[in-house]
Amino acid sequence: MDKSSVTEDAVALAAELQALAREGGLRSWRLRGRELLPVVQGGMGVGVSAASLAGTVAGLGGLGTISAVDLRRRHPDLMAATAHLDKEPDARERIDTANLVALDREIRGAKAIAQGRGLVAVNVMKALSAYEQYVRLALESGADAVVVGAGLPLDLPELARDHPDTALIPILSDARGVQLLVRKWEKKGRLPDAIVIEHPRLAGGHLGAAKVADLQDTRFDFEVVIPQVLEFFKTAGIEREIPLIAAGGIGCRDDILRLQALGASAVQLGTAFAVTQECDADPAFKRVLAEARPEDLVEFISVAGLPARAVRTPWLEKYLRLEPRLKAVAHVKKKCNMAFDCLAHCGLRDGKGEMGQFCIDQQLGHALDGDAQKGLFFRGAGVLPFGQQIRPVKDLMRWLLGGRMWNTPRVAFGATPLKGGDT
């Protein structure tokens, strides 16, 4: 099939999805003047959501998201030039440069796949040491939006001052955080173009709560947060100016209908997209997520100091067993395990006993490569539409927007337990 035929097929599929959404009672939404399907693909690192996944979602008329962190892992030439670096005085600089080159490649690759349809965003964690560099590169390389979580991005308006056409989207979890950020941004002459409201009890990866015990707090429930935020917008005189994107636990059209009825404009999914064929991770990575059962999920404190949710793999099982002892002997290290200090504040490197005591970049890298024994596999708590099946993005979008399942049984989680073992 030639390139023109592929483009025609994508255009036809995008039109089909728009029709499915309308017929199913779903509203489209607008971001920076572009009409979009009400489905956002969340950013997932390391390397899980890159050009292939983000570009495919955007090409179908949605918002696709590249995760910025350590993308050199997806480029053999960049890894060959940096993987050996350890004690060299310029190791961090060279690795950071390689990651910026990789991010630029992934943005351009995603936009080439999208062919002008939908929008391509870049997710940058505020907790990263190279946060500002990633944001500036994303802006300069033509990302349509910059999404920031894992901390309050109060400085994002200044960083994007020379890029007024790029959408800025913070990730928050409660109404108090939204009010604080909007008030701070207003003083800088800019409002968020949209806000992701992420439910920490349902989402995967790093979660927007102070501690694990807070994950069950009802203040995070969509039925609480969304009306509170909309009331704040009304009293602040910015009603209907900032779309809300609900994230966490979404798995079907009825979920989107319910959230749009509450006042959300769109929804964001991570894990459901992580188990698609176009996801940029190894097939074995997808199987670990798809085969996990509810009892295989565990919450713990990450090395970034934030609660996190992941699959209880052999490595994580062993780590959690040793965690009390590791925290008891936490001490400042001479250097970062991976030589580039991926986090601004790292429990392992900085000797913070109240934070996690493992190298997150190393463990997420193992997961990206599909190493079920050594990897850290972040996963949301929601239902996977296709059970253990790995299906194309188009199938997921058809299900979410039109409820079409092609007689595939819907399974809450996989049925194959992970086997224990040592790392």
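- Note that the CE atom of M44 and the CG atom of D280 stand 9.0 Å from one another [nearest 0.5 Å].
- In this structure the side chain of V311 never reaches within 4.5 angstrom of the side chain of L316, judged on heavy atoms.
- Using modelled atom types, no side-chain atom of W29 and backbone atom of E35 make a donor-acceptor pair closer than 3.5 Å.
- Between the side chain of D369 and the backbone N or O of D371 there is no donor-acceptor pair closer than 3.5 Å.
- Between R72 and D70 there is a salt bridge, since a side-chain N of the basic residue sits under 4.0 Å from a carboxylate O of the acidic one.
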Please list every donor-acceptor pair under 3.5 Å in which a side-chain atom of residues 194-201 meets a protein atom from a residue at least two apart or in another chain.
| from | atom 1 | to | atom 2 | distance (Å) |
| --- | --- | --- | --- | --- |
| H199 | ND1 | R201 | N | 3.1 |
| H199 | NE2 | D221 | OD1 | 3.0 |
| R201 | NH1 | D221 | OD1 | 3.1 |

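- Shortest non-hydrogen contact noted between A160 and L139 is CA-CD1, 3.8 Å.
- Side-chain atoms of K286 come within 3.5 Å of backbone N or O of Q277 as a donor-acceptor pair.
- Between E16 and R398 there is a salt bridge, with a side-chain nitrogen of the basic residue lying less than 4.0 Å from a carboxylate oxygen of the acidic one.
- Donor-acceptor pairing under 3.5 Å is recorded for the side chains of D104 and S141.
- Applying the ring-ring contact (aromatic ring centres under 6.0 Å, His included) test to pairs two or more places apart or on separate chains, none has a residue in residues 123-171.
- Q260 pairs by the side chain to side chain contact (heavy atoms under 4.5 Å, CB included) definition with L26, R27, P38, I256, not counting sequence neighbours.
- In terms of modelled atom types and a separation under 3.5 Å, the side chain of S49 and the main chain of T65 share a donor-acceptor contact.
- The NE2 atom of H366 lies 8.5 Å from the SG atom of C359; values are rounded to the nearest 0.5 Å.
- Of the listed residues (L396, V288, L384), just one forms a side-chain contact (heavy atoms from CB on, under 4.5 Å) with V275, and that residue is L384.
- If you take CG on L53 and CD on E278, they are separated by 7.5 Å, rounding to the nearest 0.5 Å.
- R30 places a side-chain N or O within donor-acceptor distance of the main-chain N or O of G33, the cut-off being under 3.5 Å.
- Side chain of R219 to backbone of V225: no donor-acceptor contact under 3.5 angstrom is found.
- Checking side-chain atoms of K333 against main-chain N and O of H331 turns up a donor-acceptor pair under 3.5 Å.
- Between K352 and D350 there is no salt bridge, since none of the side-chain N atoms of the basic residue sits less than 4.0 Å from a carboxylate O of the acidic one.
- Between atom CZ of residue F358 and atom CH2 of residue W315 there is a gap of 4.5 Å, rounded to the nearest 0.5 Å.
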Please report the C-alpha distance between R321 and K318 in whole Å, then the side-chain angles of each, then the deciding distance to 0.1 Å, and finally whether the side chain to side chain contact (heavy atoms under 4.5 Å, CB included) criterion is met. CA-CA 5 Å; R321 190 169 64 247; K318 182 178 181 180; 3.6 Å; yes

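- The shortest distance between side-chain heavy atoms of V135 and D155 does not fall below 4.5 Å.
- With contacts defined as side-chain heavy-atom distances shorter than 4.5 Å, the pair I301/P307 qualifies.
- For E299, the side chain to side chain contact (heavy atoms under 4.5 Å, CB included) test picks out V212, L215, R309, with sequence neighbours left out.
- Applying the salt bridge (charged side-chain N to carboxylate O under 4.0 Å, His left out) test to pairs two or more places apart or on separate chains, those with a residue in residues 138-153 are K111-D144.
- A distance of 7.0 Å separates CE of M397 from CG of L400, quoted to the nearest 0.5 Å.
- Partner of V298 under the side-chain contact (heavy atoms from CB on, under 4.5 Å) criterion, out of E317, R312, R379: R312 alone.
- Between the CD atom of Q357 and the NZ atom of K327 there is a distance of 7.5 Å, given to the nearest 0.5 Å.
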For L152 and L172: C-alpha separation, side-chain torsions, deciding distance, then whether side chain to side chain contact (heavy atoms under 4.5 Å, CB included) applies. CA-CA 8 Å; L152 279 174; L172 301 161; 3.4 Å; yes

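- Contact record, V393 with T56: CB-CG2, 3.8 Å, taken as the closest heavy-atom pair.
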Table please: side-chain donor-acceptor pairs of residues 176-188 below 3.5 Å, with sequence neighbours left out.
| from | atom 1 | to | atom 2 | distance (Å) |
| --- | --- | --- | --- | --- |
| R183 | NH1 | E186 | OE1 | 3.2 |
| W185 | NE1 | P153 | O | 3.2 |
| K188 | NZ | L154 | O | 2.5 |
| K188 | NZ | E158 | OE1 | 3.3 |
| K188 | NZ | E158 | OE2 | 3.1 |

Determine, step by step, whether N99 and T82 satisfy the side chain to side chain contact (heavy atoms under 4.5 Å, CB included) criterion, reporting the C-alpha distance in whole Å, the side-chain angles of both residues, the deciding distance to 0.1 Å, and the verdict. CA-CA 10 Å; N99 278 322; T82 59; over 6 Å; no

Report, one line per pair, each donor and acceptor closer than 3.5 Å where one atom sits in a side chain of residues 264-272; sequence neighbours left out.
| from | atom 1 | to | atom 2 | distance (Å) |
| --- | --- | --- | --- | --- |
| T271 | OG1 | G380 | N | 2.8 |

What verdict does the side chain to side chain contact (heavy atoms under 4.5 Å, CB included) test give for L31 and I169, after you've listed the backbone C-alpha separation in whole Å, the side-chain angles of each residue and the deciding distance to 0.1 Å? CA-CA 10 Å; L31 184 64; I169 307 175; 4.0 Å; yes

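- In plain terms, the two heavy atoms of A110 and V120 that are nearest each other are CB-CG1, 3.9 Å.
- A heavy-atom distance below 4.5 Å is not found between the side chains of V148 and N123.
- Residues that satisfy the ring-ring contact (aromatic ring centres under 6.0 Å, His included) test with F285, not counting sequence neighbours, are F377.
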Compile the donor-acceptor pairs under 3.5 Å between side chains in residues 229-253 and protein atoms, sequence neighbours left out, one pair per line.
| from | atom 1 | to | atom 2 | distance (Å) |
| --- | --- | --- | --- | --- |
| T235 | OG1 | E231 | O | 3.3 |
| T235 | OG1 | F232 | O | 2.9 |
| R253 | NH1 | G402 | O | 3.3 |

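- A salt bridge links R73 with D361; the closest basic N to acidic carboxylate O contact falls under 4.0 Å.
- Nearest heavy-atom pair, V146 versus A138, reported as atom, atom and distance to 0.1 Å: CG2-CB, 4.2 Å.
- Every ring-ring contact (aromatic ring centres under 6.0 Å, His included) that F378 has, sequence neighbours left out, goes to H206.
- Contact between D214 and A210 at its shortest, heavy atoms only, is OD2-CB, 3.6 Å.
- In terms of the side-chain hydrogen bond (donor to acceptor under 3.5 Å, both in side chains) criterion, residue partners of R258 (sequence neighbours excluded) are, by chain and number, E223.
- Here the side chain of D193 pairs a donor or acceptor atom with the backbone of L168 at under 3.5 angstrom.
- The two residues L71 and G47 make their nearest non-hydrogen contact at CD2-CA, 4.1 Å.
- Residues L156 and P170 have side chains not in contact (no heavy-atom distance under 4.5 Å, counting atoms from C-beta outward).
- Considering only residues two or more places apart in sequence or on other chains, E23 meets the salt bridge (Lys or Arg N to Asp or Glu O under 4.0 Å) condition with none of them.
- L37 places a side-chain heavy atom less than 4.5 Å from the side chain of Q18.
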